[in-house]
Amino acid sequence: MAGGHLPGLAGLAAFRHHAFPGTPATAVRDGYPVGTWVKNQRLAARAADQIVQRRQAGLPVASSAGALTEARRAALEEIDPGWCPVWDTGWQRCFRLVQNLLQNGGALPVAAGKVIVQGEDLGRWVAAQRQCGSSSCPHSNGSWRT
């Protein structure tokens, strides 16, 4: 979607500016479907990553059509370094909501049902992170603390 890149970037920037982390797929900004656009950019980024992996493995690449260019990736990362998380976007969304809460002087939620932000139960999410001991958890390497 060549013509949609600039409106998409503007929409993502607006969502980040207004502290709407993890742009939901249903998000619309000034009539533009920015949520769908970001979702499509994530798919294109993953396609680009797969192409890189295939080339590094010495495998043929039939086409790079649909893959995100480095310039577009850089533009997205300038607006929001977490726009394309390697883990579930729901996890990333809750992480950003908790991060924003703490940065704005709020306390870390300790119980489910006490702090609901944009429909997300942050207390339940924090409790789940504390219980998770699996290496499959996004934060198991400590990167969630940044």
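One is the number of the first residue; the rest follow in order along the sequence. Everything numeric in this text was worked out from a predicted model, so none of it was measured.
Under a 3.5 Å cut-off, the side chain of R124 and the backbone N or O of A112 do not form any donor-acceptor pair. In terms of modelled atom types and a separation under 3.5 Å, the side chain of E120 and the main chain of I116 share no donor-acceptor contact.
Residue C94 holds its SG atom at 10.0 Å from CD of Q118, rounded to the nearest 0.5 Å. Atom CG of residue L102 and atom CG of residue L97 lie 11.0 Å apart, to the nearest 0.5 angstrom. Here Q99 contributes atom CD and N104 contributes atom CG; the two are 10.5 Å apart, rounded to the nearest 0.5 Å. Atom SG of C84 sits about 8.5 Å away from atom CG of L43, to the nearest 0.5 Å. Separating the CD atom in Q103 from the CZ atom in R96 is a distance of 9.5 Å, to the nearest 0.5 Å.
The side-chain heavy atoms of F95 and Q129, taken from C-beta on, include no pair separated by under 4.5 Å. Put simply, the side chain of R130 reaches to within 4.5 Å of the side chain of V110, judged on heavy atoms. At a threshold of 4.5 Å between non-hydrogen side-chain atoms, the residues P109 and K114 do not count as touching. Within the 4.5 Å cutoff, the side chain of V98 has heavy atoms near those of the L108 side chain. Using a 4.5 Å cut-off on side-chain heavy atoms (C-beta onward), L76 and L68 make contact.
In E78, the CD atom is not crowded: 12 or fewer heavy atoms of neighbouring residues, nucleotides or ligands sit closer than 6.0 Å.
Annotation for I51 and A67: closest pair CD1-CB, 3.7 Å, computed over non-hydrogen atoms. The heavy-atom pair separating A44 from G66 by the smallest distance is CB-O, 3.2 Å.
For the residue pair R73 / Q41, no side-chain donor-acceptor distance below 3.5 Å is found, with atom types taken as modelled.
Alongside V52, the hydrophobic cluster contains no other residue (criterion: ILVMFWY side chains under 4.5 Å).
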* To do: Test T36 against V34 for side-chain contact (heavy atoms from CB on, under 4.5 Å), laying out the working first.
  => CA-CA 5 Å; T36 299; V34 68; over 6 Å; no
